[in-house]
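Values reported hereafter were calculated over all heavy atoms of this structure, with side chains retained and with hydrogens, waters and symmetry mates removed.
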2 protein chains.
Amino acid sequence: MLFADAPTNSPLPFSQAPDLVRRLNAGAALHPAPRCSQWALNTLCNPADLNADELAQVDSLVCEVRTVQRGANLYRANDPFHSVYVLRSGSFKTVVMHREGREQVTGFQISGETLGLDGIAGGQHRCGAVALERSTVCVIPFEPLENLCREIKPMQRHLHRMMSWEIVREANVILLLGTMRAEQRVAAFLLNLAERYGTRGYSATEFNMRMTRCEIGSYLGITLETASRMFSKLQQERLVHARGKQIRILDSAALARL
Amino acid sequence: MLFADAPTNSPLPFSQAPDLVRRLNAGAALHPAPRCSQWALNTLCNPADLNADELAQVDSLVCEVRTVQRGANLYRANDPFHSVYVLRSGSFKTVVMHREGREQVTGFQISGETLGLDGIAGGQHRCGAVALERSTVCVIPFEPLENLCREIKPMQRHLHRMMSWEIVREANVILLLGTMRAEQRVAAFLLNLAERYGTRGYSATEFNMRMTRCEIGSYLGITLETASRMFSKLQQERLVHARGKQIRILDSAALARL
DNA sequence: CGAGTGCTTGAGCTACGTCAACCATAGTGG
DNA sequence: CCACTATGGTTGACGTAGCTCAAGCACTCG
């Protein structure tokens, strides 16, 4: 109940964000120039080490901010690729389809993180992106972004880092799926989530997960029942306090040691 | 015995490759300008749709071709990142380390494919690359490559495709590790390998795998014993003919249906 | 209030891991 | 040439982590 409808976790992420988001949600989705430069640092639409002039060019790139309702698709697998997206508020899951509708969650994204980079290769998205709650994203048309990257070297560098970062993230998931047992997977998942919340300005020890046990299980390559059991087990071992989606990390060192 | 020392699979990959590789192995590793433009199409160091002038610039970028002995590291995890590599002949595995020396294979690369893109993010390589046989690679210093990408749009497009392609590849591995059972994993592995051999000019139905059962198992998230059992099972089911590392695909449709 | 959704927990089953023996091949040294 | 060793692969026996199926509980929403 405490967290029932809160759109994000309690500590507000960035000082300028609230009124900006309010403006956007009031219908600003159609307006251009949402001033990304006033927003979080080190996201794709606002890299560090740009001068004012260059920042203005980045701002001019983002011509749309889109609101996505809970459960709605930002894009689906096989949609044509035109843009990449930076999550301003809320959270997403990315899913790939197996045959016969069997789906697998390949990642969760929280605010500040980037979506859609998988689409560059084949000109169409290879996975779908579904909002886990009401979320807002910066839409960055990729062709203009590429053009900008040919003009501004730090911007180019930044894009490359973002893409490489995604490669590293996936390699870590592969490591998790290939070598860890269920309890370790859940522990690693929680630590990873905590760290990301931490770097984005939220609490790293207490947060409200937006995904279901089923989605967590899918992401971790286990069943929802096993995921649930592991949450219970970690709780019995006093490593976390888990009450549904509300998580408090009690002993992150021990979690890492598993 | 038939394949004991063959450095690559029998059908030669590209018409210009043999004498080039011979030159390189004869000590040309120190020579600059190895004329990548005369080499395979659609690799990182030779994208399609460049004009002659642009191709010359790409050639001038590759200032070294390196030979890596079987079992040797092209780079190790945590090495500083300076270059990306295109595999000209031979094959590699990429590995990440867990704690306590436990390692996981995150991918296999055959000639024409790209190595090292994971290093861009943090300025150092996150995985190690080990040659599965005597191999040669084009060394492409990344800073000059970035500069070139700001000048030649198709080159930029190409680099982005390569990176995105790697993201998609890893997402597919995640799908495999997250949803498939052992037999399906081995089948998917063989089909993937066959397809890649096919696109690189080798036979797609009969090839000589360079990796051990242990490496295959690690890559597929199963034990070497299970991997071995699955090869035997697929053989009993007449879907493949497997004699050690020598593989012949007998019924790829049935493999895909598993 | 009832229905729907998500979470937890138990009981039994099975796919895969573990451990171990054995074989084939290749390289080494006398 | 033949031991001898090392490496990689196969196969069997057995144990178990996690899956499946099922029941029941907690919340939310119309």
Next item on the list: Test A/Y85 against A/T114 for side-chain contact (heavy atoms from CB on, under 4.5 Å), laying out the working first.
Entry: CA-CA 6 Å; A/Y85 307 89; A/T114 307; over 6 Å; no
Notebook entry, point to check: Please give, in whole Å, the distance from C/dG17 C1' to B/I222 CD1?
Noted result: 11 Å
Check: Is any side-chain N or O of B/R229 under 3.5 Å from a base N or O of D/dG12, one able to act as donor and the other as acceptor?
Finding: yes
Note to self: Please enumerate all residues that pass side-chain hydrogen bond (donor to acceptor under 3.5 Å, both in side chains) together with B/N192, with sequence neighbours excluded.
What the structure shows: B/R196
Notebook entry, point to check: Got a second to check how far B/D118's CG is from B/T106's OG1, nearest 0.5 Å?
Noted result: 8.0 Å
Notebook entry, point to check: Can you check the B/M230 CE to D/dT11 P distance for me, whole Å?
Noted result: 12 Å
Checklist line | Any donor-acceptor N or O pair under 3.5 Å, side chains B/T205, B/Y197 | finding: no
Next item on the list: Send over the distance from B/Q246 CD to D/dG8 P, rounded to a whole Å.
Entry: 18 Å
Notebook entry, point to check: Whole-Å distance between D/dC19 C1' and A/R185 CZ?
Noted result: 13 Å
Next item on the list: Please tell me which of the listed nucleotides, D/dC27, C/dC16, C/dT9, lies nearest to the side chain of A/S232?
Entry: C/dT9
Next item on the list: Can you see which heavy atom on B/Q69 is nearest to which on B/A131, and at what distance?
Entry: O-CB, 3.5 Å
Next item on the list: Would you mind classifying the nucleic acid contact of A/G221 as base, sugar-phosphate or nothing, using non-hydrogen atoms under 4.0 angstrom?
Entry: sugar-phosphate
N/O-N/O pairs, protein side and nucleotides 4-7 of chain C side, under 3.5 Å:
from	atom 1	to	atom 2	distance (Å)
C/dC7	OP2	A/R213	N	2.9

Item checked: Close residues, residues 173-183 of chain B, relative to DNA chain D [heavy-atom separation under 4.0 Å] -> none
Check: Could a donor-acceptor pair under 3.5 angstrom be found where the side chain of B/E225 meets the base of C/dC16?
Finding: no
Notebook entry, point to check: Over how many whole Å does the gap from B/Q235 atom CD to D/dT10 atom P extend?
Noted result: 9 Å
Margin query: For a quick test of reading the model: is some side-chain N or O of B/R243 closer than 4.0 Å to OP1 or OP2 of D/dG8?
Written below: no
Margin query: Taking the side chain as everything from C-beta on, heavy atoms only, tell me whether B/L239 gets closer than 4.5 Å to B/L250.
Written below: no
Check: At under 4.0 Å, does any side-chain N or O of A/T226 touch on OP1 or OP2 of D/dC19?
Finding: yes
Notebook entry, point to check: Which distance, rounded to the nearest 0.5 Å, do you find between the SG of A/C127 and the CD1 of B/I174?
Noted result: 10.0 Å
Item checked: Any B/T223 side-chain nitrogen or oxygen under 4.0 Å from OP1 or OP2 of C/dC16 -> no
Next item on the list: Could you verify whether a donor N or O on one side chain and an acceptor N or O on the other, from A/S111 and A/S89, lie under 3.5 Å apart?
Entry: no
Note to self: Quick check: do A/M97 and A/R126 have side-chain heavy atoms less than 4.5 Å from each other?
What the structure shows: no
